[in-house]
Novice: 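Before I ask anything, let me first share the structure, which is written out below as structure tokens.
Index from 1, following the sequence.
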Amino acid sequence: MFEADNIRDWRGHDVVDSGGRKIGTLESIYVDTATDRPAFAAVTIGLPTRRRLVFVPVDKATVGPGYVKVTYDKSLVKDAPGIDPDGELAAEDEGAVFAHYDLPYEQGSRGERRLGRR
């Protein structure tokens with residue numbers, strides 16, 4: 001396994017937790033708008049008729065053959081704030097995503113978004 005340098009190239013691959021349990025499929029990456037570095041992955045979870053996207057931080061994520069491994073437990077990720085598969089994370093919901101993982105959250109100095117989909 002190695003650190004995920006260009007995690008955007010791993011869309012469509014499985015996302016697994018630190019124990020190797022499948023969480024879902026990597027759908028997209030949200031970057032920190034201040035640094036333009038990957039911050040969260042949007043992961044597709046659920047049954048085919050009831051899918052949703054949940055967010056998981058990608059700091060310290062590693063990749064292996066056909067999967068991206070995150071450092072968070074599957075149950076924590078599945079309980080994370082989510083959106084519809086064709087939805088967009090609203091600016092006012094960003095803080096809840098960070099809070100779910102006990103991560104500090106600050107909007108930009110002029111109130112701009114902290115996360116941008118890439």
Side-chain angles (χ1 to χ4, degrees):
M1 276 196 291
F2 53 93
E3 198 165 319
D5 288 331
N6 193 357
I7 197 166
R8 293 176 198 129
D9 293 341
W10 291 85
R11 286 187 190 123
H13 286 79
D14 290 344
V15 176
V16 299
D17 71 2
S18 55
R21 294 175 300 202
K22 182 178 177 182
I23 298 170
T25 305
L26 181 63
E27 195 277 325
S28 61
I29 296 296
Y30 282 72
V31 298
D32 184 324
T33 57
T35 65
D36 203 38
R37 297 209 22 99
F40 285 86
V43 180
T44 304
I45 65 168
L47 301 171
T49 58
R50 296 182 45 129
R51 294 199 184 274
R52 69 184 182 109
L53 297 176
V54 294
F55 298 90
V56 61
V58 294
D59 59 317
K60 301 178 187 157
T62 56
V63 293
Y67 65 86
V68 175
K69 183 182 278 190
V70 295
T71 59
Y72 297 89
D73 187 70
K74 178 179 180 175
S75 61
L76 179 65
V77 176
K78 289 205 170 213
D79 289 339
I83 58 173
D84 289 331
D86 55 353
E88 183 68 33
L89 179 63
E92 59 269 11
D93 296 334
E94 288 182 348
V97 173
F98 281 79
H100 182 76
Y101 294 101
D102 293 324
L103 297 172
Y105 175 74
E106 290 181 28
Q107 286 183 323
S109 60
R110 294 185 303 249
E112 61 268 0
R113 295 185 67 119
R114 175 79 182 270
L115 297 174
R117 187 175 181 174
R118 296 280 193 270

Novice: Going by ring pair (Phe, Tyr, Trp, His ring centres under 6.0 Å), name the residues that satisfy it together with Phe98, two or more places apart in sequence or in a different chain.
Specialist: Phe40, Tyr105
Novice: Rounded to the nearest 0.5 Å, what separates atom CG in Leu115 from atom CD in Glu94?
Specialist: 4.5 Å
Novice: Could you tell me which residues satisfy side-chain contact (heavy atoms from CB on, under 4.5 Å) with Ser75, sequence neighbours excluded, listed by chain and number?
Specialist: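 For Ser75, the residues satisfying side-chain contact (heavy atoms from CB on, under 4.5 Å) (neighbours in sequence not counted) are Asp73.
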Novice: Tell me which pairs pass ring pair (Phe, Tyr, Trp, His ring centres under 6.0 Å) where either residue lies in residues 42-64, with sequence neighbours left out.
Specialist: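 Only Tyr30-Phe55 qualify under ring pair (Phe, Tyr, Trp, His ring centres under 6.0 Å).
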Novice: Can you confirm whether Arg117 sits close enough to Leu89 that some side-chain heavy atom of one is under 4.5 Å from a side-chain heavy atom of the other?
Specialist: no
Novice: Drop me the distance from Thr62's OG1 to Lys69's NZ, to the nearest 0.5 angstrom.
Specialist: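 Here the rounded value is 6.0 Å.
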Novice: If every non-hydrogen atom of Asp32 is compared with every non-hydrogen atom of Ala39, which pair is closest and at what distance?
Specialist: N-CB, 3.9 Å
Novice: List the atom pairs, donor and acceptor, that lie under 3.5 Å between side-chain atoms in residues 12-20 and the rest of the protein, sequence neighbours left out.
Specialist:
from  : atom 1 : to    : atom 2 : distance (Å)
His13 : ND1    : Trp10 : O      : 3.1
Asp14 : OD1    : Lys22 : NZ     : 3.2
Asp17 : OD1    : Gly19 : N      : 2.9
Asp17 : OD1    : Gly20 : N      : 3.1
Asp17 : OD1    : Arg21 : N      : 2.9
Asp17 : OD2    : Arg21 : NE     : 2.9
Asp17 : OD2    : Arg21 : NH2    : 2.6
Asp17 : OD2    : Lys74 : N      : 3.1

Novice: Mind running side-chain contact (heavy atoms from CB on, under 4.5 Å) on Val56 and Ile23 for me, showing each step along the way?
Specialist: CA-CA 10 Å; Val56 61; Ile23 298 170; 5.7 Å; no
Novice: Determine which pairs satisfy salt bridge (charged side-chain N to carboxylate O under 4.0 Å, His left out) with at least one residue from residues 43-57, sequence neighbours left out, and list them in order.
Specialist: none
Novice: Looking at every heavy atom in both Asp59 and Pro57, which two are closest together, and how far apart are they?
Specialist: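 In terms of heavy atoms, the two residues are closest at OD1-CB, 3.3 Å.
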Novice: Scan residues 83-92 for pairs that pass side chain to side chain donor-acceptor pair (under 3.5 Å), counting only residues two or more places apart or in two chains.
Specialist: none
Novice: Measure the spacing between NZ of Lys78 and CD1 of Ile45 and express it to the nearest 0.5 Å.
Specialist: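 So the gap between those two atoms works out to 5.0 Å.
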Novice: Spell out, as yes or no, whether a donor-acceptor pair under 3.5 Å connects the side chain of Thr33 to the backbone of Arg113.
Specialist: yes
Novice: So which heavy atom on Leu26 is nearest to which on Ala41, and how close?
Specialist: CD1-CB, 3.4 Å
Novice: Specify the closest pair of heavy atoms between Ala96 and Pro81, including all atoms of both residues, with the distance to one decimal.
Specialist: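 Minimum heavy-atom contact is O-CG, 3.7 Å.
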Novice: Using the test salt bridge (charged side-chain N to carboxylate O under 4.0 Å, His left out), find all partners of Asp93 that sit at least two apart in sequence or belong to another chain.
Specialist: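 If we apply the salt bridge (charged side-chain N to carboxylate O under 4.0 Å, His left out) test to Asp93, skipping adjacent residues, there are no hits.
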Novice: Write down the atom of Ile29, the atom of Pro38, and the distance for their closest heavy-atom approach.
Specialist: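 Looks like CG2-CB, 3.8 Å.
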